[in-house]
Enquirer: 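Next up is a structure, given as structure tokens.
Indexing begins at 1, ligand by ligand and atom by atom, following the structure's order. All values below were derived from every heavy atom in this structure, side-chain atoms included, with hydrogens, water molecules and symmetry-related copies excluded. Quantities reported herein were computed from a predicted structural model and do not represent experimental measurements. Numbers for residues simply follow the sequence, beginning at 1.
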Amino acid sequence: MKKHNFYAGPSILSEYTIKNTADAVTNFAGTGLSILEISHRSKEFTAVIEEANSLVKELLEIPQGYEVLFLGGGASMQFCMVPFNLLNKKAAYLETGTWAVNAIKEAKLFGEVDVVASSKEANFSYIPKGYTIPEDADYFHFTSNNTIYGTEMRYDPDTKIRLVADMSSDIFSRPVDISKYDVIYAGAQKNLAPAGVTIVIVREDALGHVDRVIPTMLDYRTHVKKGSMFNTPPCLPIYSALQTLKFYKELGGIKVLEKMDIEKAAILYDAIDNSKMFVGTARPEDRSIMNVCFVMKEEYKELEPQFNEFAASQGMVGIKGHRSVGGFRASIYNAMPKSSVEALVAAMKEFEKKH
Ligand SMILES: *Cc1c(COP(=O)(O)O)cnc(C)c1O
């Protein structure tokens with residue numbers, strides 16, 4: 001039976017990415033060797049990382065003065081690398097979910113943290129608005145898409161200070177005005193590649209302004225200087241990332257992806273909004289087009305495990321909600337075909353009819 005992969009991360013990748021990665025595991029770039037066993041300094045792999053770098057720049061229209069890095073350690077490593085490199089005295093953070101909470105915790109190890117607003121009291125079901133960003137902070141940090149709670153900021157905030165964003169789960173789903181940002185980071189395993197590589201986009205002149213000593217591996221300047229090759233980079237995830245980037249370019253780029261993502265999300269949100277049984281958990285104006293969170297209304301609540309089973313019998317994988325929200329979460333990243341979203345909607349309607 002066809003599987004419909006709604007996992008939140010690691011998550012669905014395009015068939016193009018998986019097929020080309022599998023081929024390179026057997027015979028990489030005609031070398032007769034596997035991508036798994038070839039030097040990262042070989043000319044074949046150097047070509048991969050260079051092409052991936054320039055495709056990220058092209059797709060996101062990254063202006064001069066920025067570098068793209070491919071680092072290990074996951075997005076969680078960036079929670080400390082950002083303050084290590086940018087926080088002198090004080091930083092401002094928007095608290096919109098678990099990942100923001102984790103980022104705030106790390107920043108507090110380096111200085112004062114001003115949490116400008118939080119939606120914690122409402123289980124992070126919305127994005128706070130109308131907050132003030134202190135102008136004496138070194139930077140403002142936000143999470144563009146809250147993977148667990150299904151809320152998203154699909155815009156680039158205006159700030160007078162440096163701007164940093166965790167875009168792990170919605171990078172490449174909308175055009176971004178990169179020039180507003182100083183650091184953008186994104187773990188690969190939501191919209192790009194298998195786990196193991198994190199993309200970091202840094203404005204070069206944002207670096208070098210803190211007084212502390214930074215360990216070599218945690219200093220962005222090390223990786224800028226060495227083109228992400230200071231140490232052995234995660235070669236296989238970078239190879240897969242390149243395949244996804246090529247696939248994105250072939251599809252027509254970010255604007256085309258965004259249109260497809262909005263359309264897919266609308267199909268699912270429409271079904272939820274018109275359902276007698278299901279209800280969304282995020283405030284409508286802040287809903288994510290990447291992670292769609294919903295539960296059963298009170299009077300149907302006890303049917304949740306049954307729907308999980310029914311959906312599984314129809315080929316749905318990974319729709320169980322995160323334990324902090326409950327119910328269901330359908331992650332519908334770029335690689336998710338519209339037909340899988342339609343299959344989920346059909347399963348919801350059929351289940352509703354039966355009960
Ligand atoms: C998944 C995720 C993370 C954590 O990524 P790791 O690579 O596991 O460290 C951080 N932020 C967001 C928004 C995420 O979705």
Enquirer: Between Lys190 and ligand 1, is there a nitrogen or oxygen pair with a distance under 3.5 Å?
Expert: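 Right, the criterion is met.
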
Enquirer: With a cutoff of 4.0 Å, is Asn145 in contact with ligand 1, counting heavy atoms of the residue only?
Expert: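 The answer is yes, since Asn145 has a heavy atom less than 4.0 Å from ligand 1.
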
Enquirer: Under 4.0 Å from any heavy atom of Phe79, which atoms of ligand 1 are there?
Expert: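 Under 4.0 Å from Phe79, ligand 1 has these atoms: 10 (C).
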
Enquirer: Which of the numbered atoms in ligand 1 are below 4.0 angstrom from a heavy atom of Ser168?
Expert: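 So the answer, numbered in order with elements, is 10 (C), 11 (N), 12 (C), 13 (C), 14 (C), 15 (O).
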
Enquirer: In terms of residue, atom name and distance, what is the protein heavy atom nearest to atom 9 (O) of ligand 1?
Expert: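 Here the closest protein heavy atom is Ser76 OG, 2.6 Å.
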
Enquirer: Could you check, using the six-membered ring where one of them is a Trp, whether Phe328 and Phe307 have ring centers closer than 6.0 angstrom?
Expert: yes

Enquirer: Can you sort out which atoms of ligand 1 are near Thr143, meaning under 4.0 Å from one of its heavy atoms?
Expert: 13 (C)

Enquirer: Between the side chains of Asp166 and Ser168, does any donor sit under 3.5 Å from an acceptor?
Expert: yes

Enquirer: Which of the atoms in ligand 1, numbered in the order shown and given with their element, are less than 4.0 Å from a heavy-atom of Gly74?
Expert: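 Contacts of ligand 1 toward Gly74, numbered from 1: 7 (O), 9 (O).
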
Enquirer: Looking only at protein heavy atoms, which one is nearest to atom 11 (N) of ligand 1, and what is the separation?
Expert: Asp166 OD2, 2.6 Å

Enquirer: Indicate whether the side chain of Thr151 and that of Asn146 have a donor and an acceptor atom separated by less than 3.5 Å.
Expert: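 The criterion, which ignores hydrogens and geometry beyond distance, is satisfied for Asn146 and Thr151.
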
Enquirer: Does the ring centre of Phe45 sit less than 6.0 Å away from the ring centre of His40?
Expert: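 Centroid separation for His40 and Phe45: 6.0 Å or greater.
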
Enquirer: Scan side-chain atoms only and decide if Asp170 and Tyr333 contain a donor-acceptor pair under the 3.5 Å cut-off.
Expert: no

Enquirer: Side-chain contact test, heavy atoms from C-beta onward, threshold under 4.5 Å: evaluate it for Ile12 versus Pro337 and give yes or no.
Expert: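 Touching, per the 4.5 Å side-chain cut-off.
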
Enquirer: Going by the angle between their ring planes, with limits at 30° and 60°, are Phe310 and Phe351 parallel, tilted or perpendicular?
Expert: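 Answer is tilted, since the angle falls between 30° and 60°.
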
Enquirer: Is the closest heavy-atom distance from Gln189 to ligand 1 below 4.0 Å?
Expert: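 Yes, Gln189 has a heavy atom closer than 4.0 Å to ligand 1.
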
Enquirer: One residue to check: Tyr185. Relative to ligand 1, which of side chain, backbone, both or neither has a non-hydrogen atom less than 4.0 Å away?
Expert: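 No part of Tyr185 comes within reach of ligand 1.
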
Enquirer: Any idea which atoms of ligand 1 are less than 4.0 Å away from a heavy-atom of Ala75?
Expert: 3 (C), 4 (C), 5 (O), 6 (P), 7 (O), 9 (O), 10 (C)

Enquirer: Are any of the N/O atoms in Met77 less than 3.5 Å from those in ligand 1?
Expert: no

Enquirer: Looking at Ser34 and Val25, would you say the former's side chain and the latter's main chain have a donor-acceptor pair under 3.5 Å?
Expert: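 Side chain of Ser34 to backbone of Val25: a pair is present.
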
